[in-house]
Amino acid sequence: YGGEEIAVILPNTPIDGAKQTAERIRKNIENLDIKPDHAKTSYPVTISLGVATANHASLSHEELIKKADDALYRAKKNGRNRL
């Protein structure tokens, strides 16, 4: 989506399904056990994810992106590598 952020669009997916998909993505990245050569730490690459849902008319796409972005930053604030 921008910089180091990506967006995954899951049409007709309830919040529980979106969370399950996000957790599967997180675990798959974690299981790759990527350790960048340039890193100043031995910690592997991980991802944090924010999940948001909306009914067709409930939010504009800008509001939905804001909700997902807010959720992403809460995940990072709470320790990273989480949903």
Side-chain angles (χ1 to χ4, degrees):
Y1 181 76
E4 296 176 346
E5 296 177 351
I6 64 167
V8 177
I9 310 300
L10 304 169
N12 303 312
T13 304
I15 190 70
D16 289 340
K19 286 180 179 179
Q20 289 173 359
T21 299
E23 181 60 16
R24 207 167 39 246
I25 292 168
R26 189 199 65 74
K27 284 183 180 179
N28 284 335
I29 296 293
E30 183 178 55
N31 288 339
L32 290 173
D33 197 31
I34 301 167
K35 294 184 178 89
D37 293 335
H38 66 281
K40 295 178 182 169
T41 177
S42 62
Y43 296 114
V45 170
T46 61
I47 62 170
S48 297
L49 301 106
V51 176
T53 62
N55 295 333
H56 293 286
S58 66
L59 293 175
S60 70
H61 69 276
E62 291 91 356
E63 292 169 318
L64 183 58
I65 291 168
K66 172 98 170 80
K67 278 181 63 174
D69 202 45
D70 290 347
L72 168 62
Y73 283 97
R74 279 194 306 276
K76 288 181 176 184
K77 181 180 175 185
N78 288 326
R80 299 182 180 252
N81 192 29
R82 63 187 62 230
L83 172 63

Colleague: Listed by chain and number, what are the side chain to side chain contact (heavy atoms under 4.5 Å, CB included) partners of Leu10, not counting sequence neighbours?
Modeller: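 Leu10 satisfies side chain to side chain contact (heavy atoms under 4.5 Å, CB included) with Val8, Thr13, Ala18, Thr21 only.
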Colleague: Scan residues 9-24 for pairs that pass salt bridge (Lys or Arg N to Asp or Glu O under 4.0 Å), counting only residues two or more places apart or in two chains.
Modeller: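 Non-adjacent pairs meeting salt bridge (Lys or Arg N to Asp or Glu O under 4.0 Å): Glu23-Arg26.
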Colleague: Other hydrophobic cluster members with Ile9, side-chain heavy atoms of Ile/Leu/Val/Met/Phe/Trp/Tyr under 4.5 Å, chained?
Modeller: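 Under the 4.5 Å side-chain rule, Ile9 groups with nothing.
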Colleague: Between Thr46 and Ile29, is any pair of side-chain heavy atoms under 4.5 Å apart?
Modeller: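 SC-SC contact between Thr46 and Ile29 ruled out.
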Colleague: Can you sort out the partners of Ala71 under side chain to side chain contact (heavy atoms under 4.5 Å, CB included), two or more places apart, ordered by chain and number?
Modeller: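 Result, side chain to side chain contact (heavy atoms under 4.5 Å, CB included) vs Ala71: Arg74.
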Colleague: Answer yes or no: is there a side-chain heavy-atom contact under 4.5 Å between Pro44 and Ile34?
Modeller: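 Of all side-chain heavy-atom pairs linking Ile34 with Pro44, none is under 4.5 Å.
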Colleague: Once rounded to the nearest 0.5 Å, what's the spacing between atom OG1 of Thr53 and atom CG of Leu59?
Modeller: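 Thr53 OG1 to Leu59 CG: 8.0 Å, rounded to 0.5 Å.
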Colleague: The criterion is side chain to side chain contact (heavy atoms under 4.5 Å, CB included); which residues satisfy it with Ala52, sequence neighbours excluded?
Modeller: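 Testing Ala52 for side chain to side chain contact (heavy atoms under 4.5 Å, CB included), a comparison that skips the adjacent residues, returns Leu64, Lys67, Ala68.
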Colleague: About how many Å separate CD1 of Ile25 and CD of Glu30, when rounded to the nearest 0.5 Å?
Modeller: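 So the CD of Glu30 and the CD1 of Ile25 are separated by 14.0 Å.
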Colleague: Are the side chain of Asp69 and the backbone N or O of Ile65 linked by a donor-acceptor pair below 3.5 Å?
Modeller: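 Here the side-chain-to-backbone pair does not exist.
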Colleague: Roughly how far, to the nearest 0.5 Å, is the CG atom of Leu83 from the CG atom of Leu49?
Modeller: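 These two atoms lie 6.0 Å from each other.
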Colleague: Quick one: side chain to side chain contact (heavy atoms under 4.5 Å, CB included) partners of Ser48, sequence neighbours excluded?
Modeller: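 Ser48: side chain to side chain contact (heavy atoms under 4.5 Å, CB included) contacts with Leu72, Ala75, Lys76, Arg80.
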